[in-house]
Amino acid sequence: MLQYHRAWSQATKALVDNSALAADHMDLLVRSMRLSAETVAEAVSADDLVHSGDDAIQTVTDENVGIAAVLIIDSTGHVVDGHYKNGTPVGLDLSDRPYFTRHRDGTWQGLYINAPLRARVDQTWSLPVSLPISTADGRFGGVVAVVAQEDYFSHLYRPFAAKDVQIYLRLHTDGRFVALPGPQGAPPLLTAVEAAIAQRPPQSSAPQPGTLRFDLPEAVATLSESPSGLFDVLVLRRHAALQAQARNVAVRGGFGVFLGAAFLALAGLSLVRWANAARTEAERARFLGERLRLATTAGGIGVWDYDIVNNHEVWDETMHRLYGLAPGSFSGTHAHWLRMVHPEDREQAVSAFRDAMQRGNDLSNEFRIVTPAGEIRVMATHARLFRDRNRKPVRAIGVNYDISERVAREHELQLARAEAEAARARIAHDALHDPLTGLANRRGMDDHLQRCLQTADPQTPMAYLHIDVDRFKAINDVFGHPAGDHLLSTVARLLAEAAPPGAKVARMGGDEFAVFLQGPRAARLAQACAEQFLKACREPVDYGGRKLWFSVSIGLSCHSAEAAESMVQNADIALYGAKNAGRDRIVPFSPELRLRVEETKRIADKLVDALRRDRLEVHFQPQVSAISHELMGVEALVRWRDPEDGMIRPDTFLPVAREMGLMGRIDALVLRKSIEAAHRLVARGLDLPRISVNVDLQRLMQPDLFDDLVDLHPLPCALSFELLETLDYDEITDSLLEVLARLRAMGIAIEIDDFGRGRTSLATLQRIRPDRLKIDRSLITQGGPTPEAIDPVVEAICNIGGALNIGLTAEGVEGPEQARVLARHGCDCLQGFYFARPMAEADLANWILQNHALKTA
């Protein structure tokens, strides 16, 4: 009985030990298959599944004897390339295999280990592992499958002497036990065993780490987890077989004979176990060697062995390939290797090796080599130095691998980082600077002001200039945005030149600029800067051979740091004061100016409301013949009667309207109401020869001008457009001349209003060829009552009109002597209070009737 129990214990212990060996053996296979699958998957291109993986497949199948098949499967589930030792796999439909569907459906990421199944080529048992293939844009492109077959599974049974052993594999991917084919086939797992393992009963034991033994009525089972943790190996022997083995050992030939037999059995068992273990270790070593060769080959890792004493070095095949040499062509000398090192890196490479030998450290270095073909590669080397008993280095074993791509990527990354840093700097700069002029923008100025106010002493004097380019919109509209940009760039340069050192200069947006100074002389420096800049801006800017005349308006605000919160706002107020005072000037801030600006703001708000409610009126001032004093026409003048303020003067609200960009709307309103009034007067039988309407450049260049004119036709009388002479006519564009030509084609005459007060030149008159000049009232009213006292400018204008055959209208005639003198000098049309003041439509009708009655009396 004692011998029986000893035999039983030995049999079950052998079962446990051999089960652990089988799990370890199986793990080596799966790891090797995994490395093979990764090697092929890395080489395969989704754009060329049929050919791109050929070299990798050949390498994998040559280096690893345990692999029976390598399959390249396209996105439809069909094999398009690969290797199969028992036939061709190309054309197989594997679209229903789990190792394909899991990747296709996206339910499994990374390596998938399929349960053993029968191969479709020869119906042998197969164990597939698989990896997905991705396209360049990340979509599913196919599957790489590496397969081990039934002949390999027989290795798992070799450690077990008994033929009744059955091995099962449980993959952690799905948790099912699958029988591996063996001498007894592949019977299903006993239900009782599977239930016992699931319940982990108390009678289970753990004879060694990672292995559990289950003693059940039907059988004894051992469960071993693989070292990788990817699967479990279950080994099963029936109780009846184990009992029969134990009884046979116990009853052999008597006690003494039994002892001898037992001794021999034990010795034989030990020998068998030793032989099995030796075979297993040899198999393990073979797989490890294959795995190492596959890993170094696939990873491009070359191994070298340097005998320092005898100065002889041995390279493997990968080392030759890395250095561009034919296998076996390396001479084995240190000098041969050094000649292939890049000349610029030789000293560093030798120094690194010498330092490692002197200090006793392992070698770790990077250097460049030049292959026989002239290609430059970057190598990384790592080596272990071996020393004798005197600590003298005698041998070095190491590896080389090509890091050219990594170094190139790192270089590209450094460049990308440098570019990103430069881009961040540009973004930071652009966020605070104006791209057109290079000056600080509004945000840059605001940040500067905030920092200065936070750090400055409360009593520190500060000054702020707010600058606006006069008539910039007209220049931009007439000559185009490129001309406007050129003008802004010139203004920025002139302002930067005028600003003292330490001043912050900014373009605040559009045609607005600003200068900020701080310090004891801030106010005086700001005033000097403004004066120098103002003077510089009175010179025209050349653009494409044409001169752009412009000026600037400047608001100046000076405060101490403790009161600087309102500095910018006060400079804005001063700027508006400069513009309202006639532009081209510097205006310092004052409390009185704030009141005037607030009044202007009030007028602006009321004007918008007046336009919305149609409260602007049109009055008419007659224009008469200088000889007969008969009616030649009327000038339409806009008037505004406010319910609260009464009649508001045009010189009060028109500058506000022009600043707000409302002149186009006002001119359109005056034109429409004038034509409507003329229709009514003509319908009453009153003679109205002509209506003259002021037209601002804003209105003249609006695209809907001609649509409105078409809607107003037919006209009840002649129509003239009076253009303000204060506009810059020295630079007449083709588009403006085209508009004037279209107006003349519609029968509309062109007059220049307020002539003699602006910049119109004789050359411009020749280009425009106006039908009439209206002499500015300021030139008329300053003349005397006798012919000798007529203003020389007026006399010159009359001569110009006569020479160019242009009609002349004198405004501001207030007495009979003025009328006679102007008539003698060639003015054919007169207008002024001497004849009639501006009047409403009804009063004009009465005036025409009365004037007609006087002529017929």
Side-chain angles (χ1 to χ4, degrees), residues 35-36 38-43 55-56 58-60 62-63 289-387 393-418:
L35 182 59
S36 300
E38 290 173 346
T39 300
V40 176
E42 185 176 355
D55 292 342
Q58 186 67 41
T59 299
V60 166
D62 289 346
E63 297 279 345
E290 291 175 355
R291 180 184 177 195
L292 176 60
R293 286 193 300 274
L294 184 61
T296 56
T297 301
I301 300 174
V303 180
W304 54 271
D305 187 345
Y306 179 41
D307 183 348
I308 300 175
V309 176
N310 297 306
N311 189 28
H312 182 73
E313 190 169 347
V314 178
W315 284 7
D316 70 354
E317 183 177 340
T318 304
M319 279 290 292
H320 284 79
R321 189 165 59 250
L322 289 175
Y323 280 74
L325 300 176
S329 62
F330 177 60
S331 67
T333 64
H334 188 72
H336 188 180
W337 164 76
L338 193 59
R339 284 196 302 271
M340 289 184 288
V341 176
H342 195 285
E344 297 178 1
D345 293 355
R346 286 174 185 169
E347 183 178 351
Q348 180 270 134
V350 172
S351 177
F353 189 77
R354 185 185 303 115
D355 290 346
M357 288 194 299
Q358 290 175 354
R359 298 178 183 178
N361 299 331
D362 289 342
L363 174 64
S364 182
N365 192 25
E366 295 179 3
F367 53 87
R368 290 172 294 170
I369 66 167
V370 182
T371 68
E375 181 184 358
I376 297 177
R377 298 176 181 175
V378 184
M379 291 292 161
T381 185
H382 298 280
R384 172 65 56 87
L385 269 68
F386 298 90
R387 302 174 182 273
V394 295
R395 187 181 183 189
I397 299 178
V399 296
N400 276 188
Y401 49 93
D402 189 349
I403 60 171
S404 302
E405 292 185 4
R406 191 201 77 188
V407 172
R409 286 195 299 269
E410 290 177 352
H411 180 66
E412 292 175 358
L413 182 60
Q414 290 176 353
L415 292 178
R417 287 174 177 168

Novice: Quick one: CD1 on I403 to OG1 on T381, what's the gap to the nearest 0.5 Å?
Specialist: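 Separation between the atoms: 10.5 Å.
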
Novice: Looking at every heavy atom in both M379 and L322, which two are closest together, and how far apart are they?
Specialist: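 The answer is CE-O, 3.5 Å.
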
Novice: State which residues pass side chain to side chain donor-acceptor pair (under 3.5 Å) with W304; sequence neighbours excluded, sorted by chain then number.
Specialist: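 W304 satisfies side chain to side chain donor-acceptor pair (under 3.5 Å) with no residue once adjacent residues are dropped.
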
Novice: Supply the atom-to-atom distance F386 CZ to D305 CG, rounded to the nearest 0.5 angstrom.
Specialist: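 Answer rounded to 0.5 Å: 8.5 Å.
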
Novice: List for me each residue that meets ring-ring contact (aromatic ring centres under 6.0 Å, His included) alongside H382, sequence neighbours excluded, and say none if there are none.
Specialist: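 ring-ring contact (aromatic ring centres under 6.0 Å, His included) list for H382, sorted by chain: Y401.
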
Novice: Which is it for V370 and R368 under the side chain to side chain contact (heavy atoms under 4.5 Å, CB included) test, yes or no, and what are the steps along the way?
Specialist: CA-CA 7 Å; V370 182; R368 290 172 294 170; over 6 Å; no

Novice: With sequence neighbours excluded, what pairs up with E313 under the salt bridge (charged side-chain N to carboxylate O under 4.0 Å, His left out) test?
Specialist: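 Salt bridge (charged side-chain N to carboxylate O under 4.0 Å, His left out) list for E313, sorted by chain: empty.
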
Novice: Quick one: list whatever passes side chain to side chain donor-acceptor pair (under 3.5 Å) with N311, sequence neighbours left out.
Specialist: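 Only Y306 meet the side chain to side chain donor-acceptor pair (under 3.5 Å) criterion with N311.
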
Novice: Working to the nearest 0.5 Å, report the span between CD1 of I301 and CG of D316.
Specialist: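 Atom-to-atom, I301:CD1 and D316:CG are 10.0 Å apart.
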
Novice: Counting only heavy atoms not in D55 (residues, nucleotides, ligands), do more than 12 fall under 6.0 Å from its CG?
Specialist: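 Counting other residues, nucleotides and ligands, CG of D55 stays at 12 neighbours or fewer.
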
Novice: Quick check for you: to the nearest 0.5 Å, what is the distance between T318 atom OG1 and D402 atom CG?
Specialist: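 CG of D402 is found 12.0 Å from OG1 of T318.
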
Novice: Could you note down all residue pairs passing side chain to side chain donor-acceptor pair (under 3.5 Å) where residues 323-340 supplies at least one of them, sequence neighbours left out?
Specialist: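 Sorted result for residues 323-340: Y323-W337, Y323-N400, S331-T333, S331-H336.
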
Novice: Between atom CG of L385 and atom CD of Q358, what is the distance when rounded to the nearest 0.5 Å?
Specialist: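 With rounding to 0.5 Å, CG (L385) is 11.5 Å from CD (Q358).
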
Novice: What pairs with D362 under salt bridge (charged side-chain N to carboxylate O under 4.0 Å, His left out), at least two apart in sequence or on another chain?
Specialist: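 With sequence neighbours excluded, D362 shows a salt bridge (charged side-chain N to carboxylate O under 4.0 Å, His left out) to R384, given in chain and number order.
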
Novice: Please enumerate all residues that pass side chain to side chain donor-acceptor pair (under 3.5 Å) together with H320, with sequence neighbours excluded.
Specialist: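 None.
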
Novice: Does A43 have any side chain to side chain contact (heavy atoms under 4.5 Å, CB included) partners at least two apart in sequence or in another chain, and if so, which?
Specialist: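 Applying side chain to side chain contact (heavy atoms under 4.5 Å, CB included) to A43 gives A56.
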
Novice: Taking D345 for its side chain and F367 for its backbone only, find out whether a donor-acceptor pair lies under 3.5 Å.
Specialist: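 Not at all, since once roles are kept as given, no pair shorter than 3.5 Å links the two residues.
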
Novice: Can you name the residues that form a side chain to side chain contact (heavy atoms under 4.5 Å, CB included) with L415, not counting sequence neighbours?
Specialist: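 By the side chain to side chain contact (heavy atoms under 4.5 Å, CB included) rule, L415 matches H411.
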
Novice: Excluding sequence neighbours, so at least two apart, what forms side chain to side chain donor-acceptor pair (under 3.5 Å) with E375?
Specialist: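 In terms of side chain to side chain donor-acceptor pair (under 3.5 Å), with neighbours along the sequence ignored, E375 is linked to R377.
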
Novice: How many angstroms lie between CE in M357 and CZ in R387, if you round to the nearest 0.5 Å?
Specialist: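 Here the rounded value is 8.5 Å.
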
Novice: V40 and S36: side chain to side chain contact (heavy atoms under 4.5 Å, CB included), yes or no, with the steps?
Specialist: CA-CA 6 Å; V40 176; S36 300; 5.7 Å; no

Novice: Check salt bridge (charged side-chain N to carboxylate O under 4.0 Å, His left out) between E405 and all other residues, then give those that pass, not counting sequence neighbours.
Specialist: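 Once residues adjacent in sequence are excluded, the partners of E405 under the salt bridge (charged side-chain N to carboxylate O under 4.0 Å, His left out) criterion are R409.
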
Novice: In sequence, state the C-alpha distance, the side-chain angles, and the governing distance for Q348 and N365, and then conclude on side chain to side chain contact (heavy atoms under 4.5 Å, CB included).
Specialist: CA-CA 9 Å; Q348 180 270 134; N365 192 25; 2.6 Å; yes

Novice: Can you list everything that forms a salt bridge (charged side-chain N to carboxylate O under 4.0 Å, His left out) with R406? Sequence neighbours excluded, please.
Specialist: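 In terms of salt bridge (charged side-chain N to carboxylate O under 4.0 Å, His left out), with neighbours along the sequence ignored, R406 is linked to E366, E410.
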
